[in-house]
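Computed from a predicted structure; not experimentally measured.
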Amino acid sequence: MNPLLNTYLVDVRHPNVSGAEHLQMLHNRDQILAIESTLTDKEHNLLHEADRYLVEHAITFYAELSQFVDLSVYRADLAIDPTRWWWYLDVISQLPLESIPPTPHFQLP
Amino acid sequence: METFLELVRNAIHHLRDEIIWKPGKASPHLQKRILRGHLPEDATLMDYEAIIEQISHRPDAKVFVYRFGEHLYPTILATLEDTPWIVMMDENGILETSFPPDDPITYFNNSSFTYLGTLEEVLS
């Protein structure tokens, strides 16, 4: 399995660890975006499941992250657009879970 | 009033006196270390804390501070068996996390981190 994906699959299942680690996870997700076209079908499915888990647990991830970083400021400083939705956990954590579409490619409303 | 450096020194001393995790955080951090392969499958919390102990006593370890608003997180970086590990604590010396960053150069290439010196220099 792609090592970046392997790392992400573990990281995303631990929302209760420090935001200092979640920050690294989000940067890792950026790297996965860059190589996503090289992933196998199976790896794509695993990535989508992991992304779904991240979305569903956005509140917990954001609670930890918010002790380390202001995501809105961070996004502005690094010009992070909404296609990199994992940097918008502050926004996602405010959305009703039922409003989040169960599609592989999550898009911010 | 405690100076910035005194605060960092005191935090590190408190951690060295006793490793205290935030409530409920020891187990998830240990589990993640094991699943990430940073610690062996049969590693215990005692094994994990032994690493933290080593890092926080290495005179050549690098000391940084992560600043977020009014919050300070003294952070120690040291290499153990060719693997860089960090130990991050809050200003009271309560452990925040300890893990080997995937890429320490990238991890610390963040304006929120300020390098203070080696552990020996900071504590002297």
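Counting non-hydrogen atoms of neighbouring residues, nucleotides and ligands closer than 6.0 angstrom, the CD atom of B:Glu120 reaches no more than 12 such neighbours. Within a 6.0 Å radius of NZ in B:Lys62, no more than 12 heavy atoms belonging to other residues, nucleotides or ligands are found. Within a 6.0 Å sphere centred on CG of A:Asp41, other residues, nucleotides and ligands contribute 12 heavy atoms or fewer. For A:Leu78, the CG atom counts as densely surrounded, since its 6.0 Å shell holds more than 12 non-hydrogen atoms of other residues, nucleotides or ligands. Environment of CG in B:Leu80: crowded, with over 12 heavy atoms of neighbouring residues, nucleotides or ligands closer than 6.0 Å.
B:Ile94 and B:Ile19 fall into different hydrophobic clusters, where Ile, Leu, Val, Met, Phe, Trp and Tyr are joined by side-chain heavy atoms under 4.5 Å apart, directly or via other members. B:Ile20 and B:Ile76 are not part of a single hydrophobic cluster, where members link through side-chain heavy atoms under 4.5 Å apart. No continuous path of ILVMFWY side-chain contacts below 4.5 Å connects A:Val55 to A:Val10, so the two sit in separate hydrophobic clusters. A:Leu46 and A:Leu33 fall within a single hydrophobic cluster, where Ile, Leu, Val, Met, Phe, Trp and Tyr side chains are chained together by heavy-atom contacts under 4.5 Å.
For A:Leu9, no part lies near chain B; criterion is any non-hydrogen pair under 4.5 Å. Contact of A:Asp11 with chain B is made through backbone and side chain together, with heavy-atom distances under 4.5 Å. Neither the backbone nor the side chain of A:Gln31 comes within contact range of chain B, judged by heavy atoms closer than 4.5 Å. Using a 4.5 Å cut-off between heavy atoms, A:Asn6 makes no contact with chain B at all.
Using a 4.5 Å heavy-atom cutoff, the side chains of B:Phe68 and A:Gln67 are not in contact. Contact check for A:His14 versus B:Leu35: side-chain heavy atoms found under the 4.5 Å cut-off. Two residues are said to be in side-chain contact when any heavy atoms from C-beta on lie closer than 4.5 Å; A:Glu21 and B:His29 meet this criterion.
Nearest heavy atoms, A:Gly19 versus B:Glu96: N-OE2, 4.3 Å. Taking all atoms of both residues into account, the shortest heavy-atom contact from B:Tyr66 to A:Phe68 is OH-O, 2.5 Å. Of all heavy-atom pairs between A:Asn16 and B:Lys25, the closest is O-NZ, 2.7 Å. Scanning all heavy atoms of the two residues, the minimum distance from B:Thr97 to A:Ala20 falls at CG2-CB, 4.2 Å.
Checking side-chain atoms of A:Gln24 against main-chain N and O of B:Asp102 turns up a donor-acceptor pair under 3.5 Å.
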Between B:Arg36 and A:Thr7, does the side chain to side chain contact (heavy atoms under 4.5 Å, CB included) criterion hold? Intermediate values first, please. CA-CA 7 Å; B:Arg36 281 291 309 268; A:Thr7 294; 3.2 Å; yes

